[in-house]
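As structure tokens, the structure follows; a few thoughts come after it.
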Amino acid sequence: DMKVTQMPRYLIKRMGENVLLECGQDMSHETMYWYRQDPGLGLQLIYISYDVDSNSEGDIPKGYRVSRKKREHFSLILDSAKTNQTSVYFCASSPGHQDTQYFGPGTRLLVL
Amino acid sequence: GDSVTQTEGQVALSEEDFLTIHCNYSASGYPALFWYVQYPGEGPQFLFRASRDKEKGSSRGFEATYDKGTTSFHLRKASVQESDSAVYYCALGDGTGNYKYVFGAGTRLKVIA
């Protein structure tokens, strides 16, 4: 069963707190992604991971970092969260270049 | 950089109406083009893709044709149903060898029964 999972689904944090968003996939895809989704802006790419410990900045990496220690697991970390990081975050994986992306259900983050 | 522009905001139709959502792109190389659909509370789902000029992608009655000349990939459906109400995203997969994707801002389709 091809699936991307995300935890938690909903999260409320105070400004300055650290945030950990987790993503898993069961398809052995090498490439994984983190996006944020804001009204009127669509999906914006934060980071790409090409495999374990092989990560690359996307279009809006400032304020975020990632970790990938196992192929099936990709984490997004916000050190000292800011209110403008309130958003819906999606993780995705893909089997190859220009191939279909499989998205998780999203994490809705509110930073107060 | 690469970009995707699609019909802005919301499209409101009645059941059995014809749907067109416009998508135009600007990209280097030869990108792959995609349509995704997103229902409330879920992540985007792949609808279909096309990877070469004049190729038609289709799924669930939706279709689009890759047109390199007009840099377009317009989404069409002959007869929409209330269940088609969702947000639709046009996207491109980078054509220069990296693994990036660029998404349009999304178009909300509301179908009234």
Side-chain angles (χ1 to χ4, degrees), chain A residues 2-10 21 23-25 27 29-51 54-61 66 68 74 87-108, chain B residues 1-10 21 23-25 27-53 55 57-59 66 73 86-108:
Chain A
M2 300 190 295
K3 204 171 181 180
V4 177
T5 58
Q6 290 186 239
M7 291 292 289
R9 294 293 314 277
Y10 303 91
L21 306 184
C23 173
Q25 51 105 353
M27 297 167 278
H29 291 164
E30 291 181 352
T31 315
M32 296 185 74
Y33 303 79
W34 277 107
Y35 293 90
R36 63 178 283 176
Q37 183 179 54
D38 300 290
L41 296 178
L43 290 151
Q44 298 176 272
L45 179 64
I46 306 172
Y47 266 95
I48 303 173
S49 175
Y50 297 100
D51 210 334
S54 178
N55 306 315
S56 180
E57 293 181 347
D59 299 319
I60 54 161
V66 293
R68 191 161 177 210
F74 190 32
S87 186
V88 183
Y89 291 87
F90 287 99
C91 173
S93 72
S94 180
H97 181 238
Q98 294 190 335
D99 213 322
T100 302
Q101 288 192 299
Y102 297 85
F103 284 85
T107 295
R108 190 174 294 272
Chain B
D2 295 352
S3 66
V4 174
T5 305
Q6 60 180 102
T7 301
E8 270 189 46
Q10 178 170 295
I21 297 176
C23 172
N24 288 91
Y25 69 91
S28 305
Y30 214 125
L33 301 174
F34 300 80
W35 278 101
Y36 286 83
V37 58
Q38 185 178 26
Y39 300 100
E42 299 182 7
Q45 298 174 20
F46 171 76
L47 201 50
F48 56 81
R49 74 188 282 271
S51 57
R52 60 184 184 275
D53 192 22
E55 180 181 358
S58 64
S59 176
Y66 194 133
F73 194 55
V87 178
Y88 292 82
Y89 288 97
C90 184
L92 66 83
D94 180 270
T96 61
N98 77 45
Y99 283 63
K100 287 187 177 182
Y101 297 81
V102 176
F103 284 78
T107 303
R108 183 176 299 277

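The structure displayed is predicted, hence computed values, not measured ones. Chain letters run A, B, ... following the sequence lines, proteins first, then strands; residues in each count from 1. The figures that follow rest on heavy atoms only: side chains count, while hydrogens, waters and symmetry mates do not.
Only the side chain of A/Gln37 comes within less than 4.5 Å of a heavy atom in chain B; its backbone stays farther off. Only the side chain of A/Arg9 comes within less than 4.5 Å of a heavy atom in chain B; its backbone stays farther off. For a residue to count as touching a neighbouring chain, one of its non-hydrogen atoms must lie under 4.5 Å from one of that chain's; by this rule A/Ser56 does not touch chain B. For A/Tyr35, the part sitting under 4.5 Å from any heavy atom of chain B is the side chain, from C-beta outward, and nothing else.
Residues satisfying the ring-ring contact (aromatic ring centres under 6.0 Å, His included) criterion with B/Tyr89, sequence neighbours excluded, are absent altogether. Residues passing the side chain to side chain contact (heavy atoms under 4.5 Å, CB included) test with B/Ala50, sequence neighbours excluded: B/Glu55, B/Tyr66, B/Phe73.
Although no hydrogens or angles enter the test, the distance criterion places a donor-acceptor pair under 3.5 Å between the side chain of A/His97 and the main chain of B/Asp94.
Aromatic ring centroids of B/Phe46 and A/Phe103 lie 6.0 Å or more apart.
A salt bridge is defined here as a Lys NZ or Arg NE, NH1 or NH2 lying under 4.0 Å from an Asp or Glu carboxylate O, and A/Asp59 with B/Lys100 meets this definition.
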Does the pair B/Tyr101 and A/Gln101 meet the rule for a side chain to side chain contact (heavy atoms under 4.5 Å, CB included), with working shown? CA-CA 9 Å; B/Tyr101 297 81; A/Gln101 288 192 299; 3.3 Å; yes

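Among A/Gly104, A/Gly42, A/Ser94, the residue with the largest count of heavy-atom pairs under 4.5 Å with chain B is A/Gly42.
To the nearest 0.5 Å, the span separating CD on B/Gln38 from CZ on A/Phe90 amounts to 4.5 Å.
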